[in-house]
Amino acid sequence: MLAGKRILLIIGGGIAAYKAAELIRLIRGQGGAVTPVMTGAAAEFVTPLTVSSLAGEAVHRDLFDLTHEAEIGHIQLSRAADLVVVAPATADLMAKMAAGLANDLASTLLLATDKRVLIAPAMNVRMWHHPATQRNLAQLGADGVLCVGPNAGDMACGEHGLGRMAEPAEILAAITAALADGPLKGRHVLVTSGPTHEPIDPVRYIANRSSGAQGTALAAALRDLGARVTFVTGPATVPPPAGVTVVRVETAREMLAAVEAALPAEAAVFAAAVADWRVANAAGQKMKKDGSGRAPALEFAENPDILATVSKRSAGRPRLVVGFAAETHEVERHATEKRARKGCDWIVANDVSPGTGIMGGTENAVTIIDAGGAEHWERMGKDAVARRLAARIAAALGAD
Ligand code: C5P
């Protein structure tokens, strides 16, 4: 699957560096070639001899290695690859990338490359959740850097939580996706997914039952057609797909900001179940019972309609804007009205009335409403709906 492709693999300094050795084996097993680069710290965790033996190529380590400089030139190194992969991507490497620093070979290559970059973060759970790392992650997402993982689990340091590097097989899947050749190759497509959480106070929130399954399947299907997907997701129960740029948000207003930051895009698909209202009088501190027996009164304010806002943009509107409509009766009439009201190009409508088993289930029966009228699709799996919809989007965007 990777025949003829060259991966510039930057190995950062972390205990997960040993998994990079397995990743090299997997890439080569698929016919790909690996140019290995190790940071100084990486060589403390896994030997350059192991890495070069598996890659079948010399390891590059120093910025000022005159032998290599004379042979290829390090800028050249970063351009000769089809994809740059950073695994493990340490907190330090992510910070350097986000800031645009170039003070060693790895960071210089990352700043000099004109190719897509995929990172597989790996770090202690507290380092991962630190606001600085999350800020850097958001910046990297905005810069178009792809991310796979991290996963939750036990860590070498004895703690438990998010921060374990994605498994080599998952990273391989993300690499294959990033290099996929298809009708949407190189096209930027935006997908929103999942529910939103609207805070009542710092510990309580209002949410809905969206799992994010349909949006996730759609992002994966668009990725498989070669699209560069930005996936803006609320706190969903299903994990985001590999090989897409994931932007995590909580509230509707954060989702709108993330969507606007991710534009321009050629197509935008709004599969998120966005809360219509937020709590206007959310408390800055945890609300306490005051012993009076009185319950607090929540006041609500309307959230921005992200789909309508993007559909009605005068400048920078995606060529194709697709909304969803979950209805319980008169699906076609309501969805047609919704299309007109929101100003989007297509509405993907589904009947979520009780008894259909669609809400929270694995199947969906949708009707596509566009300028030409309604098109009914037979009931099928949500993955199949996603693939058929992705193909319809590719056809609508045309060959170039
Ligand atoms: O109005 P309704 O919630 O039924 O519209 C559903 C469609 O609008 C979905 O595509 C959903 O993602 C989008 N939407 C939005 N922002 C909102 C509400 C809905 O993008 N605040």
Side-chain angles (χ1 to χ4, degrees), residues 189-199 205-219 221-222 229-236 238 240 247-263 265 267-280 300-313 316-318 320-353 356 358-360 364 366-370 374 382 385-386 389-390 392-393 396:
V189 179
L190 178 82
V191 178
T192 71
S193 183
T196 63
H197 284 182
E198 306 294 333
Y205 56 81
I206 292 176
N208 62 65
R209 294 188 196 281
S210 165
S211 64
Q214 188 64 80
T216 301
L218 196 56
L222 290 160
V229 179
T230 300
F231 185 65
V232 179
T233 177
V238 300
V247 184
R248 289 185 168 84
V249 297
E250 292 219 340
T251 66
R253 288 193 292 179
E254 286 170 11
M255 187 172 274
L256 175 62
V259 163
E260 295 202 311
L263 292 175
V269 186
F270 294 86
V274 184
D276 289 322
W277 298 281
R278 65 179 175 277
V279 180
F300 291 91
E302 198 167 315
N303 268 331
D305 190 314
I306 306 167
L307 171 62
T309 306
V310 171
S311 296
K312 291 174 184 166
R313 273 170 82 107
R317 182 192 190 274
L320 181 69
V321 179
V322 182
F324 277 70
E327 307 286 351
T328 52
H329 58 285
E330 289 196 73
V331 176
E332 199 175 313
R333 186 168 70 79
H334 285 136
T336 305
E337 282 167 12
K338 189 165 292 181
R339 176 177 173 274
R341 197 168 62 244
K342 306 238 185 191
C344 57
D345 302 298
W346 304 352
I347 283 277
V348 182
N350 50 10
D351 184 350
V352 293
S353 42
T356 61
I358 284 174
M359 193 81 165
N364 209 349
V366 305
T367 301
I368 314 283
I369 315 277
D370 63 14
K382 285 184 178 171
V385 170
L389 197 57
R392 200 179 198 269
I393 290 170

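Bear in mind the structure is a predicted one, so any value in this text is a computation, not a measurement. Counting convention: from 1, in listed order, for ligands and their atoms alike.
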Q) Which atoms form the tightest heavy-atom contact between Phe231 and Gly215, and what is the distance? A) CE1-O, 3.6 Å

Q) Closest heavy-atom contact between Ala207 and His197? A)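 Closest heavy-atom pair between Ala207 and His197: CB-CD2, 3.4 Å.
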
Any N or O on [X] sitting closer than 3.5 Å to an N or O of ligand 1?
{"X": "Val322", "answer": "no"}
{"X": "Ala271", "answer": "no"}
{"X": "Gly323", "answer": "no"}
{"X": "Ile306", "answer": "yes"}

Q. So does Glu302 have more than 12 non-hydrogen atoms from other groups sitting under 6.0 Å from CD?
A. no

Q: Report the member of Val274, Val269, Asn303 with the shortest heavy-atom distance to atom 18 (C) of ligand 1.
A: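 Residue with the shortest heavy-atom distance to the ligand atom: Val274.
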
Q.
Heavy atom to atom 12 (O) of ligand 1, shortest distance: which of Pro304, Ala326, Ala272 holds it?
A. Ala272

Closest non-hydrogen protein atom to [atom], residue and atom name please, with distance?
{"atom": "atom 6 (C) of ligand 1", "answer": "Phe324 O, 3.0 Å"}
{"atom": "atom 13 (C) of ligand 1", "answer": "Leu307 CB, 3.7 Å"}
{"atom": "atom 4 (O) of ligand 1", "answer": "Lys338 NZ, 2.3 Å"}
{"atom": "atom 1 (O) of ligand 1", "answer": "Lys342 NZ, 2.8 Å"}

Q: Answer yes when Arg317 and Asp345 have at least one side-chain N-carboxylate O distance shorter than 4.0 Å, and no when they do not.
A: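 A salt bridge is present here (some side-chain N lies under 4.0 Å from a carboxylate O).
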
Q) Would Asp370 and Arg392 pass as an ion pair if we require N to O under 4.0 Å? A)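 Salt bridge present between Asp370 and Arg392.
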
(Q) Applying salt bridge (Lys or Arg N to Asp or Glu O under 4.0 Å), can you list everything that pairs with Glu330, at least two apart in sequence or on another chain? (A) Arg333

Q) Can you name the residues that form a salt bridge (Lys or Arg N to Asp or Glu O under 4.0 Å) with Glu250, not counting sequence neighbours? A)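 Salt bridge (Lys or Arg N to Asp or Glu O under 4.0 Å) check on Glu250 returns nothing, list empty.
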
Q: Would you mind telling me which of Leu307, Thr192, Ile347, Val348 makes a side-chain contact (heavy atoms from CB on, under 4.5 Å) with Phe324?
A: Val348

Q. Is Asp305 touching ligand 1 with its side chain, its backbone, both, or neither, if touching means heavy atoms under 4.0 Å apart?
A. both

Q. Are Met255 and ligand 1 in contact, using a heavy-atom cut-off of under 4.0 Å?
A.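 Flag not set, Met255 not near ligand 1.
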
Q. Which of parallel (below 30°), tilted (30 to 60°) and perpendicular (above 60°) describes His329 and His334?
A.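 Because their plane-to-plane angle is over 60°, the rings of His329 and His334 count as perpendicular.
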
Q. Counting each atom of ligand 1 from 1 as listed, which ones have a heavy atom of Phe270 under 4.0 Å away?
A.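 Once the distances to Phe270 are compared, the set is 9 (C), 10 (O), 11 (C), 12 (O).
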
